[in-house]
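To start, the structure under review is shown below, and the notes come after it.
None of the values given here were measured: they were computed from a predicted structure. Ligands are counted one by one from 1 in listed order, and the atoms in each one are counted from 1 as well.
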Amino acid sequence: MCGIVGAVSQRNIVPILLQGLQRLEYRGYDSCGVAVHQGGELKRARSTARVTELDAQVHQDGIEGFIGIAHTRWATHGAPAVHNAHPHFSHGVGADAQSSKAGRIALVHNGIIENHDELRAELQARGYVFNSQTDTEVIAHLVDSLYQHDLFEAVLQAIQRLKGAYAIAVFCREEPQRVIGARAGSPLVLGVGQGENFLASDAMALAGVTDQIVYLDEGDVVDLQQGKYWISGRKTEGGFARVERPVKTVHAHSGAAELGPYRHYMQKEIFEQPRAIGDTLEGIAGITPDLFGDDAYRVFQSIDKVLILACGTSYYSGCTAKYWLESIAKMPTQVEIASEYRYRDSVPDPKTLIVTISQSGETADTLAALKHARSLGMAQTLTICNVSTSAMVRECKLAYITRAGVEIGVASTKAFTSQLAGLFLLTLALAQSRGLLSEAEEAEHLKAMRHLPVALQAVLALEPQVIAWAEEFASKENALFLGRGLHYPIALEGALKLKEISYIHAEAYPAGELKHGPLALVTAQMPVVTIAPNDALLEKLKSNLQEVRARGGELYVFADGDTKIESGPGLHVIRMPEHYGPLSPILHVVPLQLLAYHTACARGTDVDKPRNLAKSVTVE
Ligand code: HGA
């Protein structure tokens with residue numbers, strides 16, 4: 001999703017800005033741009049192509065400068081087009097307009113300004129002319145309208161008028177020594193260099209430039225100059241006050257990981273799962289609440305239910321965990337889509353453990369849902385997250401950091417299975433703290449978890465068989481996914497993967513629900529993918545498969561080795577290893593990932609950057 005990079009230095013900062021954008025590219029974007037202060041004017045280049053094209057344009061136009069800002073955009077307001085791409089420029093009005101050649105204020109923005117219509121009308125009435133359909137351009141003109149030779153002051157005043165979420169980076173034609181950043185609701189970090197300072201929406205953008213990072217707080221405004229910076233905190237009754245924020249050493253990994261022998265990052269990440277799970281569980285000698293933080297024992301004793309808040313794939317990992325938490329830890333558990341929870345009336349209970357799940361830890365909807373839960377008096381919070389430096393980890397009392405490594409493919413794979421591993425550990429830790437986990441059970445679960453990397457390798461070896469199915473799926477426009485119990489969320493995740501990257505319409509149902517509606521869709525043209533573990537529901541599931549066959553439906557079944565489901569007319573079977581008990585979802589999701597991946601490849605879609613989607617969804 002949107003990325004911001006900004007810099008103030010004594011050297012030409014354009015290569016740093018573009019390299020920063022490149023590091024953020026994997027998140028998905030539809031256009032990009034860069035602006036610098038050059039020869040007393042604002043200069044910019046913008047493109048709806050990739051950052052490499054922007055780079056070529058910048059060279060051709062001879063754009064260079066000591067201060068500048070850059071952006072990758074994922075459109076929320078206004079089509080993905082050059083005139084909507086950031087940076088946006090303002091121009092002064094009245095006497096100022098005469099002296100304003102190419103613009104006065106340059107600004108990039110992540111987030112959404114909710115009162116943009118009202119502000120636009122006000123600014124238009126004052127003579128400002130709008131050149132884009134974005135909410136962002138409103139901020140550029142607003143800062144311009146408040147500018148009186150001090151950009152920091154103008155930004156402080158402008159943000160008082162903004163409703164919504166923003167991270168912004170701004171500079172001004174008249175003050176070639178400074179870049180101002182501000183954030184509320186969207187992430188922004190300050191990178192401290194030697195005699196130079198940087199801004200970025202993620203420390204990863206600055207990898208190789210500086211590892212000295214300041215995480216700006218909600219409401220912070222930062223003034224960056226060569227060799228110095230200062231931060232103003234959120235406005236209080238006493239006005240704005242300078243604040244100190246700790247400088248942390250952050251070893252951010254570059255997003256530009258090597259593809260190695262793989263065709264796409266998604267394929268690489270699917271095959272990295274044994275390593276990702278192994279790393280996530282590394283060093284766990286026994287189950288203890290401490291795995292989630294020093295205060296976890298006390299927190300676990302103080303709660304009697306769990307509310308999981310998440311979006312997309314993370315939501316499905318939460319749905320899987322509900323089955324574990326209720327059956328193993330006997331903990332009443334509710335799972336809610338974060339964007340729904342934050343806006344509905346709910347009945348809060350302070351004895352609830354709020355569990356947020358997010359790969360990036362910057363998902364705007366999940367962060368907002370967390371804040372909403374806290375505002376309702378639910379103070380016990382825990383996150384399962386893949387980025388230790390993220391806002392989510394900073395905002396939650398307890399955390400389990402998965403070690404999936406940087407995930408570049410927009411469609412999540414290794415982050416999902418690593419989340420499941422973290423959630424299973426949480427289940428065991430809660431069960432233990434409630435006296436529901438014997439030592440023998442603990443040992444048995446730990447043994448199964450440690451064996452997961454090997455079990456996953458055996459599932460990955462099924463790839464050639466999945467490719468054969470994918471070739472048949474490539475010509476379909478619809479698919480049904482069925483699962484029962486613990487594997488129903490896995491069916492949901494399988495359908496989501498297929499939708500996201502192959503653009504085939506896919507829906508998932510609990511198999512027992514088939515006769516209540518979706519059976520009407522079943523024809524010979526409708527592939528029905530079924531997850532068939534050898535669990536307590538197997539016989540029920542077999543009856544559901546008969547219902548599909550009786551209507552001429554074509555079944556594609558991932559069946560555990562010991563289920564005795566055999567291939568036959570209209571019934572294709574890929575044999576999974578023996579049943580893996582409660583951890584079976586971690587194995588069963590893998591062939592569904594492979595099926596989506598190879599179907600998308602056969603259809604020639606842009607697997608790692610599916611249309612309209614972005615990686616870390618940092619806007620509402
Ligand atoms: N609302 C702005 C920025 C969008 C954004 O932050 N995307 O991730 C726009 O549409 O340009």
### Atoms in ligand 1 with a heavy atom of D135 nearer than 4.0 Å
1 (N), 2 (C), 9 (C), 10 (O)
### Query
Looking only at N/O atoms, are R73 and ligand 1 under 3.5 Å apart anywhere?
yes
### Message
Tell me whether R120 is salt-bridged to E137, with the criterion being a basic N under 4.0 Å from an acidic carboxylate O.
### Response
no
### Query
Residues in ring pair (Phe, Tyr, Trp, His ring centres under 6.0 Å) with Y128, at least two apart?
H91, H141
### Message
Regarding ligand 1, does W74 bring an N or O atom to under 3.5 Å of one of the ligand's N or O atoms?
### Response
yes
### Query
Under 3.5 Å between some N or O of ligand 1 and some N or O of N110?
no
### Message
Would N110 and S186 count as a side chain to side chain donor-acceptor pair (under 3.5 Å) here? Give the steps.
### Response
CA-CA 7 Å; N110 287 354; S186 298; over 6 Å; no
## Note on the structure
For H109, the atoms of ligand 1 under 4.0 Å from one of its heavy atoms are 3 (C)
### Query
For ligand 1, which atoms, with element, lie under 4.0 Å from some heavy atom of H77?
10 (O)
### Query
Can the positive tip of R234 be found less than 6.0 Å from the middle of the six-membered ring of F240, inside 45° of the ring normal?
no
### Query
Taking it one step at a time, do I4 and I69 satisfy side chain to side chain contact (heavy atoms under 4.5 Å, CB included)?
CA-CA 7 Å; I4 288 180; I69 55 180; over 6 Å; no
#### Entry: Test: R11 cationic atom under 6.0 Å from F66 six-membered ring centre, within 45° of axis
no
### Message
With respect to G111, determine whether any N or O atom, backbone or side chain, lies less than 3.5 Å from an N or O atom of ligand 1.
### Response
yes
### Message
Does anything in residues 398-413 form a salt bridge (Lys or Arg N to Asp or Glu O under 4.0 Å)? List the pairs, not counting sequence neighbours.
### Response
E407-K615
### Query
Is the shortest N/O to N/O distance between I112 and ligand 1 below 3.5 Å?
no
### Task
Specify side chain, backbone, both or neither for T136, according to which of its non-hydrogen atoms lie closer than 4.0 Å to ligand 1.
side chain
